[in-house]
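Order of the sequence lines sets the chain letters (A, B, ...), proteins ahead of strands, with each chain counted from 1.
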There are 2 protein chains.
Amino acid sequence: MFIGSFKYSVDSKGRVSIPARFRKYVNPEANDTFFMTRGIVRCIDIYPQDYWREEVLKRIDQLDDFDIEESTFKRMLLELAAEDKLDSQARLLVPRNLLEFAGIEKDVLILGQNKKIELWNPEAYDAHKKESEKPYSEIAKQVMQRTK
Amino acid sequence: MFIGSFKYSVDSKGRVSIPARFRKYVNPEANDTFFMTRGIVRCIDIYPQDYWREEVLKRIDQLDDFDIEESTFKRMLLELAAEDKLDSQARLLVPRNLLEFAGIEKDVLILGQNKKIELWNPEAYDAHKKESEKPYSEIAKQVMQRTK
DNA sequence: TTTGTTGTGGGAAAGAGTGGGAATAAGAAG
DNA sequence: CTTCTTATTCCCACTCTTTCCCACAACAAA
């Protein structure tokens, strides 16, 4: 699983290294291929191929192109989506429009989120934490009760 | 699958390049042949031949010519439909009336929508996004819950 | 110290997007 | 039916971007 946080940098071509710790947890069947897209907040989500297909794609495939609400959502999700394979230096090329969406320039905060990886603008992440009005303990109680 | 967005241009003859990324996902059986028609909103839909036949045509075939509403829909869909094969530069010739329908002139935004490709007037797309009253996170939650 | 790994940077070759001209076909006019 | 004009199709060429590969420095392990 992906856990922990790392402060890396984005080079001039938009490449981001995937931490070595994370690479060890990617299934061989993912074939070093990842899918990225916007998160539901201002960050970038990165999924290993196998997980993307199982969890995300399966659900997207159920949406109907002739339903306006469903196709609108699909459009928003896929507009900023991209597929890429790690290069020989274990980096991913992140599209410009995705970096812009997340407000990432030189510095990037890489977060492990169990099955997926998130990329944040470091300052934006700090701000996001402060904005969250409820304390961790309160959210924890509320959200985790559903999963018991 | 077709994902991501690209800003390309339409040349004076009405030709539009299909992004290289997209070409890799077109089945050989499609034989570089595509079907285009109007979208359910103000954009152009482009389907690889195999998907058009399997998914779209099959549904159109189910419509009843003796039902006024169904035959009206069919008429609107097929009026602007066209078939074309990629030229040696991997471009499609898009009919004038389709470009007019979508309000596309010089610049075009190409969107990957999983199984199909959409062409938009860039400004129209921005406007369309702003019109959408609900934020992404809300639509995401609402739509994706249906697919669980 | 030596060896291997990891994050970062950059250059060269191949590929992709765009524009335009020549050849062919289609249509209008005489 | 022939001729002229217009439109379409096919092919070539240019330029910029992307991709692939090599190299370096910092750090850790042996």
Visitor: Just to be sure I understand the geometry, which residues of residues 97-105 of chain A put a non-hydrogen atom under 4.0 Å away from DNA chain C?
Guide: none
Visitor: For a quick check of understanding: with a heavy-atom distance under 4.0 Å over all strands, which category does A/Arg21 fall into, base, sugar-phosphate or nothing?
Guide: nothing
Visitor: Look at all strands and tell whether B/Lys106 reaches a base, only sugar-phosphate, or nothing, counting heavy atoms closer than 4.0 Å.
Guide: sugar-phosphate
Visitor: Closer to the 5' end of DNA chain D via nearest nucleotide, is it A/Ser88 or B/Asp87?
Guide: B/Asp87
Visitor: Do B/Phe6 and B/Phe22 have ring centroids that are under 6.0 Å from one another?
Guide: yes
Visitor: Report the nucleotide, chosen from C/dA16, C/dT18, C/dG9, that has the shortest atom-to-atom distance to any side-chain atom of B/Arg91.
Guide: C/dT18
Visitor: Can you pull the salt bridge (charged side-chain N to carboxylate O under 4.0 Å, His left out) pairs that have at least one residue in residues 68-78 of chain A, sequence neighbours excluded?
Guide: A/Asp65-A/Lys74, A/Glu69-B/Lys134, A/Glu69-B/Arg146, A/Glu70-B/Arg146, A/Arg75-B/Glu118
Visitor: If you assign each of A/Ser17 and B/Lys7 to its closest nucleotide in DNA chain C, which residue comes earlier from the 5' end?
Guide: A/Ser17
Visitor: Which nucleotide sits closest to the side chain of B/Ser9: C/dG19, C/dG7, D/dC21?
Guide: C/dG19
Visitor: Determine the contact category for A/Arg23: base if any of its heavy atoms lies under 4.0 Å from a base atom, sugar-phosphate if only primed atoms, P, OP1 or OP2 are that close, otherwise nothing.
Guide: sugar-phosphate
Visitor: Got a salt bridge between A/Lys58 and A/Glu54, using NZ or NE/NH1/NH2 to carboxylate O under 4.0 Å?
Guide: yes
Visitor: With under 30° as parallel and over 60° as perpendicular, where do the rings of A/Phe35 and A/Trp52 fit, or are they tilted in between?
Guide: parallel
Visitor: For A/Ser12, answer base if it contacts any base atom (sugar-phosphate contacts may also be present), sugar-phosphate if it contacts only those atoms, and nothing otherwise; contact means non-hydrogen atoms under 4.0 Å.
Guide: nothing
